[in-house]
2 protein chains.
Amino acid sequence: MAEIEEFFKSAFSVDNVIFGFDQVDLKVILIRRGASPFKDKWALPGDLVYPNEDLDVAAARVLAELVDLRGVYLEQVQAFGAVDRHPLGRVITVAYYSLIKIQDDVLHASSWAEVARWHSIQDALELDLAFDHRTILEACFERLQRRVKTQPVGFELLPVAFTLTELQQLYEAILGVPMDKRNFRKKILAMNILVDLNRLQEGVAHRPAKLYQFDPDRYEALTKDGFTFQI
Amino acid sequence: MAEIEEFFKSAFSVDNVIFGFDQVDLKVILIRRGASPFKDKWALPGDLVYPNEDLDVAAARVLAELVDLRGVYLEQVQAFGAVDRHPLGRVITVAYYSLIKIQDDVLHASSWAEVARWHSIQDALELDLAFDHRTILEACFERLQRRVKTQPVGFELLPVAFTLTELQQLYEAILGVPMDKRNFRKKILAMNILVDLNRLQEGVAHRPAKLYQFDPDRYEALTKDGFTFQI
DNA sequence: GCAAAAGTGTTTACAGTACACCCATGG
DNA sequence: CCATGGGTGTACTGTAAACACTTTTGC
């Protein structure tokens, strides 16, 4: 049986799986570690939680140190608490994932910037990551795959204005399955949660597609009436 | 910015929502607190995590101190980490829920026993619980409601041998909705995951019902073939 | 005029839903 | 013989799935 002081010799951290979509692949940000332990291994962005800082705030801070964006989707996945998961002491970590809109300048010019890189989810899952970060990454990816089927969170990964083909490609990239174009469009448009912007794509060497925008208010209203999003 | 030692002045705990089913109501175990803070309030069973103890093990220990059962379903839900959630210091808690088969002697003759009581989930959700335990209870209940629709975990709450009516009443109690008897039976039996035990109920003042048992091996095999459980 | 992706409907199959009566047992 | 819950089938409806061609634009 441990003395009460013993319980306070542990620390907690947050790790954040930051997802983005570059019109082709689902991607995550990894950090090349510059120090021991696991020097030179890729790792998830994370940090210890400050003593007077809420868990969610710590996760948002980790994100903000890497990425210059506001109002980003952030969801806790679960805690990882194996005794030996950190070689230097007892550290329980709480995993989060974020969904961001990739833009050219999205990776901050911070001290992290030079060691942070986007990796496709497939590549990242095959890397020998630091700590138990592979397990964490898998858990977060599976959570995203489930979430995206029943909640309208996919839009967080796309520009505000997007085409239906882009939306379909996003779902195909996340779920790893091809979808039927006509059925996909029928289903999404029937939900009545997209606004037709009456604008067209520009600069493409083919017939330009119509641009749409997700309407959160309409979604909320429908939800109150018993509607459930379902891909 | 805090000194590194500051990070180690926090503790973590686990709290466990233990669900049972008494053929009528979905129930949870609550503990009447005997000490400050929140003396005399109802609370979830929980404890600090030992320095050399895995999170999952700590949750199982909390359960084992209350209930005399082996091989119980246990699932982590999420961490709760608001700075002020514990009045005496920084304590992050990780919430779990367990599903157990209620038997007459299930509540241990431990020091806890005299302060531990089963409450119906409806009653428990209306109580003024200690700490943020109401939020935790809500999160665990919602998780159970979602889980039970797509995973065959309901059987953990029933005796090994059960009738289809008992199974239906369980789902109605968890989800809070009435179901159609014929459709429910059709759906469950079509899944082919139950074994007909060729035994009948005894001691009932009406036509005795057939007894069934869940077959985990058959479920596993079907799952590998793409079958998904769905209520 | 050619390459490239946008856009569009119909048919078919399956799963969900609604619904009412007879049966077996204990008391 | 009566009260209680057990057990069963069918018709209807709506959603998911399969599937191919025409249109618009840039070059």
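Every chain is numbered from 1, with letters handed out A, B, ... down the list of sequences. Computed over heavy atoms, backbone and side chain alike; hydrogens, waters and symmetry mates excluded.
Applying the 4.0 Å criterion to OP1 and OP2 of dG5(D), one finds that Thr165(B) has every side-chain N and O outside that range.
The residue Lys186(B) sits close to a base: some heavy atom pair falls under 4.0 Å. Among the heavy atoms of the strands lying under 4.0 Å from Lys181(B) is at least one base atom, whether or not backbone atoms are also near.
Rounded to an integer number of Å, the gap from Arg185(A) CZ to dC21(D) P is 18 Å. Distance, Arg207(A) CZ to dG26(D) P: 12 Å, rounded to whole Å. Rounding to whole angstrom units, CG of residue Leu189(B) and P of dG6(D) are separated by 14 Å. Atom CZ in Arg182(B) sits about 13 Å away from atom C1' in dG6(D), given to the nearest Å. For the pair Phe184(B) CZ and dG9(D) P, the computed distance is 18 Å after rounding to whole Å. Atom CG of Asn183(A) and atom P of dA18(D) are 8 Å apart (whole Å). For Gln201(A) and dT25(D), the CD to C1' distance is 11 Å, given to the nearest whole Å. In this structure, the CD atom of Gln23(B) is 14 Å from the C1' atom of dG5(D), given to the nearest Å.
Taking for each of His206(A) and His206(B) the nucleotide of DNA chain D with the nearest heavy atom, the 5'-most of the two is the partner of His206(B).
From the 5' end on, the contacts that DNA chain C makes with chain A at under 4.0 Å to a non-hydrogen atom open and close at dA4(C) to dT10(C).
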